J.: 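Mind looking over this structure? Questions follow.
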Amino acid sequence: MEYILSFFQQHIELIYIVILSIFLGVEVISRVPSVLHTPLMSGANAIHGVVIIGAIIVMGQAEADNYLALILGFLAVILGTVNVVGGFVVTDRMLEMFKKKK
Amino acid sequence: MGLSVLSIIYLIGSVTFILGLKMLSKPDTARKGNLVAAAGMVLAILGTIFLYKSEGKHLHNYGWIAAGLLIGTVIGVMAAKKVKMTAMPEMVSMFNGMGGACAALISVVEFNHLVHSRFNVGEVLSSAGEQMVQQLQRILQGVADGNGNVTIGMHPDLRGHLLIILLGLIIGAVSFAGSVVAWGKLNGRIKDFAFKGQHIVNLVVMAIVVIGAAVLVLTVNQRVQAAVDAGSVDGLLSFQLLFYLILICALIYGILFVLPIGGADMPVVISLLNSFTGVAAACGGFLYNNPVMLTGGILVGSAGTILTILMCKAMNRSLKNVLIGSFGGGAAAAATSKEQGSYKEISLSDAAVVMAYANKVMIVPGYGLAVAQAQHACHELEKLLEDKGVEVKYAIHPVAGRMPGHMNVLLAEADVPYEKLLEMEDANAEMSTTDAVLVLGANDVVNPAAKNDPASPIYGMPILEVENAKLVIVNKRSMKPGYAGIENELFFQPKTSMLFGDAKQVLQQLVAEIKQV
């Protein structure tokens with residue numbers, strides 16, 4: 001119990017961010033017209049690719065003789081990059097078509 | 001200096017994500033919003049590479065990082081540029097799975113770090129991250145004050161750290177396995193599959209994951225302490241095995257969870273997995289005290305959840321039902337529904353005459369339109385009819401196609417103006433004044449069984465009430481049932497005429513016929 005309390009206290013800033021972000025996400029999304037649902041899903045998909053930053057940190061901290069960390073980190077960087085780059089490019093392609101007609 | 005610049009970069013990154021999502025929610029700023037978020041992402045990635053420091057040390061292995069980024073970029077751009085508009089949902093699902101896999105891999109590496117680093121005191125400080133250092137400092141202060149529990153206090157408490165690692169692992173793995181199955185199902189490589197007692201198997205697998213994780217978290221301090229006292233990692237073998245068992249079970253759960261879910265529910269599943277990956281990314285944010293990962297991940301997590309709920313509402317399915325995977329239960333009921341008499345066909349020229357002399361035509365596009373890439377031909381038909389003084393509207397069901405908004409994207413590609421696209425309620429209100437409805441490769445979204453037949457698996461889903469129009473022309477490739485795998489009594493109603501053929505060819509022939517009318 002004591003540990004849980006101290007854990008919360010230690011991470012209280014992060015917990016604030018989490019809770020405020022939840023409300024923010026709900027507010028921002030609930031006003032999207034259904035026309036834009038697919039691009040929105042795709043755009044959100046690209047944004048969670050921010051996990052790539054974790055992969056870069058893992059990779060960048062791996063010791064030169066820790067092959068497991070090197071290989072898994074390398075894979076993680078590739079996968080994360082595909083998520084980010086592919087996600088944004090696909091979203092842009094979708095939205096390009098919306099733009100064209102005006 | 002570097003670290004404070006990095007904090008500002010992360011702040012900017014978080015703001016661009018919020019702005020980007022906000023701009024994505026309006027048609028005229030959407031594209032810019034996507035670019036804003038992308039720019040923020042690039043900034044955050046570059047900042048991390050060059051400015052990130054842990055315990056005063058910069059990152060290393062730049063060659064590996066650069067190579068990984070390069071390979072990932074090439075694959076990502078190629079995949080995203082090459083994919084056809086119809087295959088978009090699969091692509092999003094696949095990208096989503098990769099994000100989930102990335103999060104799970106990070107957890108695996110961090111777990112090994114956590115276990116091994118305890119055997120080298122010097123490494124404890126540098127490896128376990130800032131939180132651990134802060135914790136250690138606090139404990140040391142406690143010792144100095146004389147109120148600390150010295151023997152336990154000398155070792156940092158690993159429970160919180162491990163819990164976050166496990167959350168990232170489990171959610172990431174479920175998301176990865178689920179997304180791959182969803183991808184396979186959407187492109188037809190994987191068939192619906194359910195076996196007896198699957199719910200129980202699901203629950204058992206889930207229970208192993210949850211109990212295993214609880215055991216790991218609750219015993220980690222003692223186990224690691226015992227191993228350190230014994231001076232060997234060997235004592236931790238079973239501990240590590242349990243970790244990998246959890247990983248495997250999470251993957252199995254992801255597969256089992258998506259496998260039995262019918263195609264009609266796939267959009268909901270992809271959206272849900274999307275928000276899962278967001279949460280997994282946020283776990284990484286906790287792990288590294290990284291605010292940009294946290295905001296990005298949680299934003300997507302909550303946004304994805306809302307989107308999922310909106311979709312469930314559109315289909316009148318409870319999220320609980322989708323999650324338990326009960327769609328398979330309807331298959332038996334559907335199989336027993338008998339052939340419902342005969343249907344009649346209409347010739348191309350008759351269909352052309354009907355439409356050319358109608359006052360108002362409503363087009364109901366579905367997946368068949370997407371598969372045939374018939375959106376341009378469809379727009380051509382619409383223009384031609386408008387020139388003849390016919391009012392043409394499109395009735396868009398929220399889950400027509402394979403993703404919400406799928407039809408909107410396709411029709412926008414063919415330059416169909418926004419005003420012509422009616423949402424379901426508006427379209428249904430106009431049905432009774434419509435002379436002819438042209439259903440293009442849509443099936444389940446116009447199936448009256450959703451209203452009339454409580455035994456039908458799609459019972460309760462709001463549909464486009466095309467039978468209220470004076471005449472219905474249905475274009476399909478064959479009499480085969482739609483994605484939900486059930487018969488459609490609409491096709492056998494006296495008002496309905498069938499026009500078989502590939503949507504694109506049929507539309508082109510219709511255009512040619514109407515020109516002669």
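Quick note: numbers below take in every heavy atom, side chains included, and nothing from hydrogens, waters or symmetry partners. This structure is a prediction, so every number in the text was calculated from the model and none was measured. Letters go in sequence order (proteins before strands), and every chain restarts at 1.
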J.: Report yes or no: does Thr81(A) contribute a side-chain atom to a donor-acceptor pair with the main-chain N or O of Gly72(B) at less than 3.5 Å?
T.: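 Not at all, since once roles are kept as given, no pair shorter than 3.5 Å links the two residues.
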
J.: Measuring heavy-atom distances to chain A, does Ala104(B) have an atom under 4.5 Å in its side chain, in its backbone, in both, or in neither?
T.: neither

J.: Is Ile57(A) close to Thr48(B) at the side-chain level, that is, under 4.5 Å between some pair of heavy atoms?
T.: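 The answer is yes; the side chains approach within 4.5 Å.
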
J.: Is there a side-chain contact between Ile53(A) and Tyr10(B), using heavy atoms and a 4.5 Å cut-off?
T.: yes

J.: Measuring from atom CG of Asn289(B) to atom CD of Glu13(A), what distance do you get when rounded to the nearest 0.5 angstrom?
T.: 8.5 Å

J.: Which heavy-atom pair separates Arg31(B) from Leu95(A) by the least distance, and what is that distance?
T.: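 Shortest heavy-atom separation between Arg31(B) and Leu95(A) comes out as CA-CD1, 3.7 Å.
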
J.: State, with a plain yes or no, whether a side-chain heavy atom of Met41(A) is found less than 4.5 Å away from one of Ser271(B).
T.: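 A side-chain contact under 4.5 Å exists here.
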
J.: Work out which heavy atom in Ala80(B) is nearest to a heavy atom in Val90(A); give both atom names and the distance.
T.: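 Closest approach of Ala80(B) to Val90(A): CB-CG2, 3.4 Å.
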
J.: Less than 4.5 Å apart, side chain to side chain, heavy atoms only: is that true for Leu21(B) and Leu40(A)?
T.: yes

J.: Inspect the surroundings of OH in Tyr62(B) and state if more than 12 heavy atoms from other residues, nucleotides or ligands are less than 6.0 Å away.
T.: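 Correct, the count exceeds 12.
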
J.: Among Val84(A), Val85(A), Ile52(A), find the residue that satisfies the side chain to side chain contact (heavy atoms under 4.5 Å, CB included) test when tested with Leu69(B).
T.: Ile52(A)

J.: Given the rule in the side chain to side chain contact (heavy atoms under 4.5 Å, CB included) test, do Val50(A) and Phe17(B) qualify, once you have shown the distances and angles that lead to the verdict?
T.: CA-CA 10 Å; Val50(A) 72; Phe17(B) 292 163; 3.9 Å; yes

J.: With side chains defined as the heavy atoms from C-beta onward, is the minimum distance between Val89(A) and Phe95(B) less than 4.5 Å?
T.: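 The answer is no, as the side chains (C-beta and beyond) never meet within the 4.5 Å cut-off.
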
J.: Once you round to the nearest 0.5 Å, how far does CG of Leu14(A) lie from CG of Leu287(B)?
T.: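 Those atoms lie 11.0 Å apart.
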
J.: Given a strict heavy-atom distance threshold of 4.5 Å, which part of Lys26(B) is in contact with chain A: side chain, backbone, both, or neither?
T.: backbone

J.: Is the backbone of Asn274(B) close enough, under 3.5 Å, to the side chain of Asn45(A) for a donor and an acceptor to pair up by distance?
T.: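 Flag not set: sc Asn45(A) to bb Asn274(B) has no pair under 3.5 Å.
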
J.: Gly54(A), Ala64(A), Gly80(A): which one forms the most heavy-atom pairs within less than 4.5 Å of chain B?
T.: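 Top option by heavy-atom pairs under 4.5 Å: Gly54(A).
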
J.: Quick one: CG on Asn66(A) to CG on Asn112(B), what's the gap to the nearest 0.5 Å?
T.: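 Here the rounded value is 7.5 Å.
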
J.: I need the residue from Gly284(B), Gly278(B), Gly301(B), Gly47(B) with the largest number of non-hydrogen atom pairs under 4.5 Å to chain A.
T.: Gly278(B)

J.: With only heavy atoms counted, which part of Ile56(A) is less than 4.5 Å from chain B, the side chain, the backbone, both or neither?
T.: both

J.: Name the region of Leu411(B), side chain, backbone, both or neither, that has any atom closer than 4.5 Å to a heavy atom of chain A.
T.: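 Leu411(B) has no heavy atom closer than 4.5 Å to chain A.
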
J.: Side chains of Val83(B) and Arg93(A): closer than 4.5 Å at any heavy-atom pair?
T.: yes

J.: Compare all side-chain heavy atoms of Ile106(B) with those of Leu72(A) and state whether any distance is below 4.5 angstrom.
T.: no

J.: Under 4.5 Å from any heavy atom of chain A, what part of Ala79(B) do you find: side chain, backbone, both or neither?
T.: neither

J.: Nearest 0.5 angstrom please: Ser302(B) OG to Leu20(A) CG, how far?
T.: 11.0 Å

J.: Side chain, backbone, both or neither: which part of Met41(B) has an atom under 4.5 Å from a heavy atom of chain A?
T.: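 Side chain only.
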
J.: Going by heavy atoms in the side chains, are Val42(B) and Phe88(A) under 4.5 Å from each other?
T.: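 In short, these two side chains do not touch, never coming nearer than 4.5 Å.
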
J.: Specify whether Phe74(A) and Trp64(B) have parallel, tilted or perpendicular ring planes, treating 30° as the upper limit for parallel and 60° as the lower limit for perpendicular.
T.: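 Taking Trp64(B) first and then Phe74(A), their aromatic rings stand perpendicular (interplane angle over 60°).
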
J.: Would the distance check show the side chain of Asn61(B) and the main-chain N or O of Met59(A) forming a donor-acceptor pair, the cut-off being under 3.5 Å?
T.: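 Answer holds: yes.
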
J.: Taking all heavy atoms of Gly73(A) and all of Val109(B), pick out the closest pair and write down the distance.
T.: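 Looks like N-CG2, 4.4 Å.
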
J.: Taking atom types as modelled and ignoring hydrogens, do the side chains of His48(A) and Asn96(B) form a donor-acceptor contact shorter than 3.5 angstrom?
T.: yes

J.: Considering only heavy atoms, which portion of Ala103(B) lies under 4.5 Å from any heavy atom of chain A: side chain, backbone, both, or neither?
T.: both

J.: Measure across Ser21(A) and Thr295(B) and return the closest heavy-atom pair with its distance rounded to 0.1 Å.
T.: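 Scanning both residues, the minimum pair turns out to be OG-CG2, 3.5 Å.
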
J.: Supply the atom-to-atom distance Thr91(A) OG1 to Met88(B) CE, rounded to the nearest 0.5 angstrom.
T.: 8.5 Å

J.: Heavy atoms only: give me the nearest Val51(A)-Ala281(B) pair and the separation to one decimal.
T.: CB-CB, 3.8 Å

J.: Check each atom of Ala46(A) against the heavy atoms of chain B and say whether the ones under 4.5 Å are side chain, backbone, both or neither.
T.: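 Answer is backbone: N, CA, C or O of Ala46(A) sit under 4.5 Å from chain B.
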
J.: Restricting to non-hydrogen atoms, name the atom on Ile17(A) and the atom on Pro291(B) that form the minimum distance, rounded to 0.1 Å.
T.: CD1-CB, 4.2 Å

J.: Among Ile75(B), Leu294(B), Leu70(B), single out the residue with the greatest number of heavy-atom pairs under 4.5 Å to chain A.
T.: Leu294(B)

J.: Heavy atoms only, distances under 4.5 angstrom: which of Met94(B), His58(B), Met78(B), Arg159(B) has the most pairs with chain A? Name it, please.
T.: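 The answer is Arg159(B).
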
